[in-house]
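What follows is a single structure, written as structure tokens, with notes after it.
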Amino acid sequence: MSHCAKQAARFKPIRLVDMTTRLSQLFLRTLRDNPVDAEVASHRLLVRAGYIRRAAPGIYSWLPLGLNVLRRIEQVVREEMDAIGAQEVHFPALLPKEPYEASGRWKTYGDGIFVLGDRKSEEVEPRVRRPNYLLAPTHEEMFTLLVKDLYSSYKDLPVNLYQIQTKYRDEARPRAGLLRGREFIMKDSYSFAVTDEDQQAAYAAHRAAYIRIFERLGLPAVPVAADNGNMGGSASEEFLFPCEIGEDTFVESDGGYRANVEAVTSVPPEPVEYDDAPAAVVHHTPGTDTIETLVDAANADHGRQDRAWTAADTLKNVVVAVVTPEGERRVAVIAVPGDREVDLKRADATIGAKLGVAGEVSVEAAEAADLAKNPGLVRGYIGPGLSLEAPYLGAESATGIPYLADPRIVSGSRWITGANAQDQHVFGLVAGRDFTWDDTIESVVVRDGDPAPDGSGPLTTRRGIELGHIFMLGRYFSEVLDLKVLDENGKQSTVAMGSYGFGVTRAMAALVEANHDDKGIIWPSTVAPADVHLVATGKGSEVYEAAEKLASELDSAGLKVIYDDRPKVSPGVKFGDAELLGVPTIVVVGRGLSEGKIEVKDRRSGEAQNVALDDAVPHLIERAASLL
RNA sequence: CGGGAAGUAGUUCAGUUUGGUAGAGCGCUCGCUUUGGGAGCGAGAGGUCGCAGGUUCAAAUCCUGUCUUCCCGACCA
């Protein structure tokens, strides 16, 4: 044993200083006014309470208390990841562009990433730097390449790797403080497996770990079925925290079905017999280029006996522009019941596949120029045509314009729709008899009351904050980056991947959204910056001496203490700050001291009780334990 | 990228209509008093009024341009 090792072996760590946070020393300034740029509660309170400061739009600096809470959240995530056998690694945030070019994302991410050039990237003439690096928005490429770098056998798999890392996205409009920033911290893990069983096991393990994480954090986030984007793969779920200010919309039924609106599927009605249906008739319907005017005109001039026409009797043909990855702009028509609106985001998810376009497409509302290029489309009077023999819309039709229909348009359903001529509509057009379509598409805005696809009852729509997303990535990245291992037959096998993201900074904001009142934050004890916020108030030196002693004893007992020892600060300010900062237990050493009592106050309920100073330490230890 | 609002002290804001020596609350510094719900009195520090140009004897204020920020929407595995 070396001399140094002997010295080290003799060294016994002792706690030289207590860990109590003294407000007289803490780098903190609480704000009485709400910051002008903060709208949502989490943003307002985290800034006011001195946890974070804005450094640039969507970019925040972390102050001591904020960093403390952030680290505690990270720790929960880390423990649960480790518990399922995932191993922590850490990649740079600053990355060369080559891996992203190889995966295609240097282009497809487009304006969404921060790019930059190093000194070698400078062109002599003109003297500009061309980007050859990026600040990573996520790290799929790096994880994939790292496994490729080191592993080459099926025997090495499965493996789960994760990191907790700062990510950068050039959000067009950062908002709501930590909820949508341009710099944020994310835990992202990836599973690598050869067999489907292993892949599903990794997915299930992550799903269970996420549920435990949310339980431990005290965040009632729920898994909802999600759209897995254009990366392929199968299972995909988001963990949403239901909250009015959330940017995601999801649906749920009483029976427990939950899905993001982008992923929900509609329940088509049964096909209808149409043998006895009368032939379709074209009527002159002047000035009816909207559904509303059309319904009015239909009831006024062509009313039916049994009931009035409604918007649901009309077939709305919505012209959209589909932009391909190459930038080509194609026109398509989507047919939906007239009482429904098209959700371009939902259409976006599947329209590429329906039209046979590879890669990521985007769907936009058609503009005047799009219509002008297709003179056959008469705005307000567009329809599929009058007969199957001569369809007007569809890939095989006269116009060749792709025609996609909502699943509610089933065989035998009867419609009032445009006759492709100014002021002309056709009544009694029967789906399947008079017209057909290239394919169906889920694209209408989901409404409250729509049935759940699994028969579990009517749906209601809610808003939520996306805190996690787990999904099977399939083999997209392993294909493009050539991650293969030898399988047991000695053949090259492309590795299947799973991707599991968790928004750490966003979870912190969500925690505040879920836990605050008009006075300030109310941290769950698992992430609170301390167990006890000790306030000394009174004029004599006795309260400070007693509080100091109590702080020291609590610290020795293993409780984390924030001690407000500021001598010239009035009681009102101290109470206000304690409530703003949000530590779950507030202890006041003050006027009760003469009777040997202190006050123990629950931050959440506001309930206070007097406790004998002599019993304070065990009482608070027990209380802290009961809160966990 | 479309629509709206706003840039004045660390911060929250007034002052701009009608051009005339830069203001208030909170915060900060010093002194005295005060100490269970954001204390009182007194004395201070702190601002190229986003930037550039123009009009004028004179511009925070009027004109032109420009930049930035925030909100709503679009976008966003």
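Note that the coordinates shown come from a computational prediction; the quantities given were computed from them, not determined experimentally. Quick note on labels: first sequence line is chain A, next is B, and so on, each numbered from 1.
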So what's [N] paired with, Watson-Crick or G-U wobble, going by both distances under 3.5 Å?
{"N": "B:U61", "value": "none"}
{"N": "B:C28", "value": "B:G44"}
{"N": "B:U16", "value": "none"}
{"N": "B:A5", "value": "B:U69"}
{"N": "B:U56", "value": "none"}
{"N": "B:A22", "value": "none"}
{"N": "B:A74", "value": "none"}
{"N": "B:A39", "value": "B:U33"}

Hey, does [X] reach any base, or is it just sugar-phosphate, or nothing, if we go heavy atoms under 4.0 Å?
{"X": "A:R54", "answer": "sugar-phosphate"}
{"X": "A:G590", "answer": "base"}
{"X": "A:E599", "answer": "base"}

Roughly how many Å apart are [M] and [N], using the [atom1] atom of each and rounding to a whole number?
{"N": "B:G46", "M": "B:G10", "atom1": "C1'", "value": "9 Å"}
{"N": "B:A14", "M": "B:C62", "atom1": "P", "value": "15 Å"}
{"N": "B:G47", "M": "B:C57", "atom1": "C1'", "value": "26 Å"}
{"N": "B:U61", "M": "B:U16", "atom1": "P", "value": "12 Å"}
{"N": "B:G3", "M": "B:A74", "atom1": "P", "value": "15 Å"}
{"N": "B:A24", "M": "B:A45", "atom1": "P", "value": "12 Å"}

If you look only at pairs with a residue in residues 57-66 of chain A, which of them pass as a side-chain hydrogen bond (donor to acceptor under 3.5 Å, both in side chains), with sequence neighbours excluded?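 The answer is A:H43-A:Y60.
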Whole-Å gap separating [atom2] ([N]) and [atom1] ([X]):
{"X": "A:L580", "N": "B:C26", "atom1": "CG", "atom2": "P", "answer": "19 Å"}
{"X": "A:K568", "N": "B:G27", "atom1": "NZ", "atom2": "P", "answer": "15 Å"}
{"X": "A:F184", "N": "B:A77", "atom1": "CZ", "atom2": "P", "answer": "11 Å"}
{"X": "A:F502", "N": "B:A77", "atom1": "CZ", "atom2": "P", "answer": "20 Å"}
{"X": "A:H533", "N": "B:G37", "atom1": "NE2", "atom2": "C1'", "answer": "14 Å"}

Do A:E579 side-chain and B:G38 base share a donor-acceptor contact under 3.5 Å?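 Flag unset: no donor-acceptor pair detected.
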Below 4.0 Å: OP1/OP2 of B:C71 and any side-chain N or O of A:R173: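 Yes, within the criterion.
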Hey, does the side chain of A:R32 come within less than 4.0 Å of B:G27's phosphate (OP1/OP2), counting only N and O?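 Yes, within the criterion.
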Rounded distance (nearest 0.5 Å) linking atom OH of A:Y203 with atom CG of A:N160: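 Atom-to-atom, A:Y203:OH and A:N160:CG are 14.0 Å apart.
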Residues forming a side-chain hydrogen bond (donor to acceptor under 3.5 Å, both in side chains) with A:H139, sequence neighbours excluded: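 Result, side-chain hydrogen bond (donor to acceptor under 3.5 Å, both in side chains) vs A:H139: A:Q163, A:K167.
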Listed partners of A:F241 passing ring-ring contact (aromatic ring centres under 6.0 Å, His included), at least two apart: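 For A:F241 there are no ring-ring contact (aromatic ring centres under 6.0 Å, His included) partners, ignoring immediate neighbours.
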Taking ring-ring contact (aromatic ring centres under 6.0 Å, His included) as the definition, give me every residue that meets it alongside A:F502, ordered by chain and number, with sequence neighbours left out.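 Per chain and number, A:F502 pairs via ring-ring contact (aromatic ring centres under 6.0 Å, His included) with A:Y210, A:F214.
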Ignoring hydrogens and angles, write down the donor-acceptor pairs under 3.5 Å from the side chains of residues 28-41 of chain A, residues two or more places apart or on other chains.
unit_1: A:T30; atom_1: OG1; unit_2: A:D577; atom_2: OD1; d: 2.9

What does the list of N/O pairs under 3.5 Å between the protein and nucleotides 41-44 of chain B look like, with a distance for each?
none

Tell me the salt bridge (Lys or Arg N to Asp or Glu O under 4.0 Å) pairs involving residues 89-101 of chain A, sequence neighbours left out?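 Salt bridge (Lys or Arg N to Asp or Glu O under 4.0 Å) check on residues 89-101 of chain A returns A:K97-A:E101.
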Do any pairs count as a salt bridge (Lys or Arg N to Asp or Glu O under 4.0 Å) and have a residue in residues 49-61 of chain A, sequence neighbours left out, and if so which ones?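 Pairs touching residues 49-61 of chain A that pass the test: none.
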RNA chain B: 5'-proximal contact among A:G538 and A:K574 (nearest heavy atom):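 By nearest-heavy-atom nucleotide position, the 5'-most residue is A:G538.
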Exercise: do A:R463 and A:T249 side chains pair donor with acceptor under 3.5 Å: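 There is such a pair (donor and acceptor under 3.5 Å, judged by atom type) between the side chains of A:R463 and A:T249.
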Return the polar atom pairs (N/O with N/O) between nucleotides 10-15 of chain B and the protein under 3.5 Å, or none.
unit_1: B:U12; atom_1: OP1; unit_2: A:V36; atom_2: N; d: 3.0
unit_1: B:U12; atom_1: O4'; unit_2: A:D33; atom_2: OD2; d: 3.4

Identify whether the distance between the nearest side-chain nitrogen and carboxylate oxygen of A:E579 and A:K574 falls below 4.0 Å.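 Result for this pair is no, no salt bridge flagged.
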